[in-house]
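FYI, the numbering just counts along the sequence from 1.
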Amino acid sequence: MVSTLFLFFVAERSFAHEVVPTIADLTVSETGEVQLDLRVNIEAFLAGIDLDAVEDTDADDASDDYDALRALPGSEIAQRVGELVDVWNAHPLLQAGGPVTLTQSALTIPDDIDFELPRISELSLTGQLPDGSTAVTVNWPAGAGALVVRQQGVEAPYTGYLNGGDTSPEITLAGGDAQSPGAAFASYIPVGFDHILPKGLDHILFVLGLFFLSTRWGPLLWQVSAFTLAHTVTLALGALGWVNIPGSIVEPLIAASIVYVAVENLFQRGLTRWRPFIIFGFGLLHGLGFASVLGEFGLPDAQFIPALIGFNVGVELGQLTVIALAAIVLFGCTKLAQRSELSEAEAPVGTYAVMFRAVSIPGSLIIALVGAYWCVERVFF
């Protein structure tokens, strides 16, 4: 069982082609020419990957098609971009009283990207708005995953986060549609939560490592508090651009932090004096990891603080959900054991403490093995 779970996690990490949001910068000139500058995984769209339903492209039935496209040089992908633009125009992607036809004006497809990573291309689309247009809407197709729309060149620009199938509110060409503090706060809570559940497997395993230390809630509270305080600090510093450490350094250290907490669980039965301080240090690293996620699509300049707080709240809710689910599963297993016809020798299994230890020891071992694999992978591959 342990080996099966280990292979599952290893396969998921080492072959995953991560799904990332598409970024769209919207600019409208004084003559009514509209331009959308997109940062987009073109191969995923051409392959027909359902980006709403999966977190990595290998989980979709069209993954073989995606891999075949991903292996092609950028020059061959460029010849098929017109197919994607035609699909978006038929949807239509942009409206201003009626459909706005967009044409490709620029395209950059990098060729020097590791095959195991998504290839993010830069695609510029232009169109002409009808005379007298005062606003536009963006219609993002179902199955297209997340889209971040960022209005450029105006005061109080609109910034929005759309899921597949969503339509933006009317975006006033003159500006003034910046989110209110409350709206920015609320809109970034699900973004933070989503980074933990379901996308943040490394953070999930770290939080489970904290949970598996002791049956008592006090040690868990101390650890979670230290972790939360630390990653809040570096999340803010990273999002502000004041601290910037390459992912090639941060990601292996995050994996090492997972190994540490899991291994210590195997030999400790309670909170040591130094563990909260070590967890605080690890929290600083995880905060930098969270900041890199925000760096993929940025925060609205006008409501930076509310959006940052909303993202952090979403992260905390995700972590608490992981802990709550783990506790519910263990309590449920304990109740089922108590209702079973256990022999006298088996009776201790019906207590939470014994059930907890029966799960936490093999669970911590699996977490340590997965973390160790990631650490090696992130350093050498």
Side-chain angles (χ1 to χ4, degrees), residues 1-9 12 55 189-190 192-232 254 257-273 275-276 278-280 282-283 286 312-371:
M1 176 180 177
V2 170
S3 61
T4 300
L5 288 172
F6 174 68
L7 289 173
F8 168 77
F9 284 124
E12 181 178 56
E55 307 305 330
I189 290 177
F193 186 92
D194 186 60
H195 184 58
I196 300 295
L197 284 173
K199 293 181 178 179
L201 181 57
D202 46 1
H203 301 300
I204 290 172
L205 294 188
F206 184 83
V207 171
L208 286 176
L210 304 184
F211 175 78
F212 282 151
L213 175 66
S214 171
T215 58
R216 297 169 54 230
W217 289 101
L220 180 62
L221 179 61
W222 276 105
Q223 293 178 92
V224 171
S225 297
F227 182 64
T228 298
L229 177 61
H231 78 63
T232 300
I254 288 177
S257 74
I258 295 170
V259 176
Y260 179 89
V261 297
V263 169
E264 191 174 37
N265 290 347
L266 300 175
F267 300 99
Q268 297 290 339
R269 293 296 178 267
L271 190 68
T272 60
R273 290 183 178 180
R275 178 147 165 152
I278 294 175
I279 297 303
F280 182 87
F282 290 154
H286 283 252
N312 199 56
V313 168
V315 167
E316 297 312 313
L317 290 175
Q319 293 173 170
L320 292 175
T321 301
V322 171
I323 292 171
L325 290 174
I328 289 170
V329 169
L330 281 173
F331 276 116
C333 290
T334 302
K335 293 299 182 182
L336 288 174
Q338 291 172 353
R339 298 183 64 178
S340 301
E341 296 181 359
L342 299 175
S343 66
E344 184 177 348
E346 296 170 333
V349 179
T351 65
Y352 180 78
V354 174
M355 181 66 70
F356 178 90
R357 195 56 61 193
V359 173
S360 67
I361 291 177
S364 294
L365 178 60
I366 293 171
I367 291 171
L369 291 172
V370 174

With ring pair (Phe, Tyr, Trp, His ring centres under 6.0 Å) as the test, would you mind laying out the steps for F331 and F356 before giving the verdict? CA-CA 9 Å; F331 276 116; F356 178 90; 9.8 Å; no
Test log, rule side chain to side chain contact (heavy atoms under 4.5 Å, CB included), inputs F193 and T321: CA-CA 9 Å; F193 186 92; T321 301; 3.5 Å; yes
From CA spacing to verdict: side chain to side chain contact (heavy atoms under 4.5 Å, CB included), H203, H195: CA-CA 9 Å; H203 301 300; H195 184 58; 3.6 Å; yes
Side chain to side chain contact (heavy atoms under 4.5 Å, CB included) between Q338 and M355: does it pass, once the steps are laid out? CA-CA 11 Å; Q338 291 172 353; M355 181 66 70; over 6 Å; no
When you look at T334 and T351, which way does the side chain to side chain contact (heavy atoms under 4.5 Å, CB included) test go after all the steps? CA-CA 6 Å; T334 302; T351 65; 5.7 Å; no
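The CD atom of Q223 sits 10.5 Å away from atom CD1 of I278, with the distance rounded to the nearest 0.5 Å. To the nearest 0.5 angstrom, I323 atom CD1 is 8.5 Å from L208 atom CG. The CD atom of E264 sits 8.5 Å away from the CG atom of L271 when rounded to the nearest 0.5 Å. Atom CD of Q319 and atom CG of L197 lie 9.5 Å apart (nearest 0.5 Å). One distance of note links CD1 of I367 with CG of D202; it measures 12.0 Å at 0.5 Å rounding. Atom-to-atom distance recorded for L213:CG and W222:CH2 is 14.5 Å, nearest 0.5 angstrom.
For the pair H231/V315, a side-chain contact is recorded, criterion being any heavy-atom separation below 4.5 Å from C-beta on.
With F212 as the fixed residue, the side chain to side chain contact (heavy atoms under 4.5 Å, CB included) test singles out one of L266, I361, V359, V261: V359.
The two residues P276 and A226 come nearest to each other via the heavy atoms O-CB, 3.5 Å.
The ring-ring contact (aromatic ring centres under 6.0 Å, His included) test applied to F206 returns F227, H286, not counting sequence neighbours.
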